[in-house]
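Notes follow once the structure below has been shown.
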Amino acid sequence: MTMHKKKLVAGNWKMNGTLAANEALVKALVGGLDSPACDVAVCVPAPYLSQVQSLAKDSAIALGAQDVSAHASGAFTGEQSAGMLQEFGVRYAIVGHSERRQYHGESDEAVSAKAAMALRHGITPIVCVGETLQQREAGQTDEVVKRQLAAVIHDNGHCISEIVVAYEPVWAIGTGKTATPEQAQAVHHLLRAQLHHAAGDHAAGIRILYGGSMNAANAAQLLAQPDIDGGLIGGASLKAPDFLQIIAAANQAMSAPRA
Ligand code: PGA
């Protein structure tokens, strides 16, 4: 039996939360997590980093940010540097989420500079790639995701083995339309080959998460795919029972015999 890679289940709270709601959510997660076999993280809005850092202290929940500046410091109003995030114990930073690409015009180059900055501060970037519905229908899925990942590979050289990739088809995000396990696996396989081409055997340890309407009901099937190493969960990460069920599905997938 081949070794299972440690799966990662990361919540992306997006712009949701209040002090009271976060406290209830994180307490329920900490209470319901029974030394999970998989890695678990929550990527929270920047103002709540400190709060969630204390709530999750000494638990299996790692702290994540939803973005990071490509710059080290200075006149960049509204941005947070990797150094600042590091001070709050941030372990992961999402970069290049489709909502940032779409609403903030982030280019592949900007995303790649952000990933580099995170890596320089010991923060694991969760690099998001994914096609729109229009691109999928035009048969451009492979080309789009490969281009998005290529930029990050190009700028990050051998550090690439330290990243996490998240395949998030834009048409599946927040829509309730999930990619089928076969559709997701096909893209994950393609990304895996691209990473292997760039980093050789070091690529074997890179986790490729699926994101886009992953929930308690469909997680097990998605996580059973050979190249799906975890999930980036939006909506379902705001409900403790659902998020815990996804974590349980990841634990289960890691203990299942490999086909
Ligand atoms: P969703 O979001 O699970 O609500 O579709 C996923 C994401 O955007 O990271």
Side-chain angles (χ1 to χ4, degrees), residues 7-17 21-22 25 29 38-46 48 52 61-68 90-106 111 114-115 118 123-133 135-136 141 144-145 148-149 152 163-181 183-184 187-188 191 207-223 225 228-250 253:
K7 294 202 192 277
L8 167 63
V9 177
N12 173 11
W13 290 3
K14 308 197 180 188
M15 200 171 71
N16 293 293
N22 303 343
L25 176 56
L29 293 177
C38 68
D39 287 332
V40 177
V42 288
C43 301
V44 311
Y48 296 131
V52 177
I61 303 173
L63 189 59
Q66 298 176 9
D67 187 25
V68 60
V90 166
R91 297 263 311 280
Y92 298 94
I94 298 173
V95 298
H97 190 280
S98 63
E99 286 148 22
R100 305 242 15 124
R101 293 181 190 262
Q102 193 180 344
Y103 307 137
H104 299 269
E106 289 190 9
V111 171
K114 290 179 172 200
I123 294 172
T124 301
I126 301 179
V127 178
C128 300
V129 301
E131 80 289 1
T132 62
L133 183 59
Q135 289 164 334
R136 174 163 280 265
T141 299
V144 169
V145 299
Q148 291 172 333
L149 184 58
V152 177
I163 72 170
V164 168
V165 177
Y167 169 55
E168 299 207 308
V170 178
W171 48 271
I173 294 177
T175 57
K177 274 189 214 153
T178 323
T180 63
Q183 279 173 327
V187 176
H188 282 233
L191 295 171
R207 292 182 287 193
I208 308 178
L209 316 183
Y210 169 79
S213 299
M214 194 191 263
N215 58 37
N218 60 28
Q221 257 199 314
L222 286 159
L223 293 167
Q225 299 301 310
I228 300 188
D229 307 313
L232 183 56
I233 325 293
S237 74
L238 297 171
K239 297 173 217 140
D242 296 49
F243 196 54
L244 287 168
Q245 230 174 303
I246 297 171
I247 293 164

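Side-chain atoms are counted along with the backbone in the values below, which use heavy atoms only and exclude waters and symmetry mates. Just so you know, ligand 1 is whichever comes first in the structure, and atom 1 is the first atom listed for that ligand. As the structure is a prediction and not an experimental result, all values here were calculated from the model.
- For the pair Asp67 and His97, the minimum side-chain heavy-atom distance is 4.5 Å or more.
- Atom CZ of Arg91 is surrounded by 12 or fewer heavy atoms from other residues, nucleotides or ligands within 6.0 Å.
- Heavy atoms only, all atoms of each residue included: Leu209 and Leu232 are closest at CB-N, 4.1 Å.
- Within 4.0 Å of ligand 1, protein heavy atoms belong to Asn12, Lys14, His97, Glu168, Ala172, Ile173, Gly174, Gly212, Ser213, Leu232, Ile233, Gly234, Gly235, listed by chain and number.
- Taking NZ from Lys7 and CG from Leu223, the interatomic distance works out to 5.5 Å, rounded to the nearest 0.5 Å.
- Legend: side chain to side chain donor-acceptor pair (under 3.5 Å) pairs involving residues 207-216, not counting sequence neighbours, sorted by first then second residue: Asp39-Arg207, Asn215-Asn218.
- Within 6.0 Å of CD in Gln221 there are 12 or fewer heavy atoms belonging to other residues, nucleotides or ligands.
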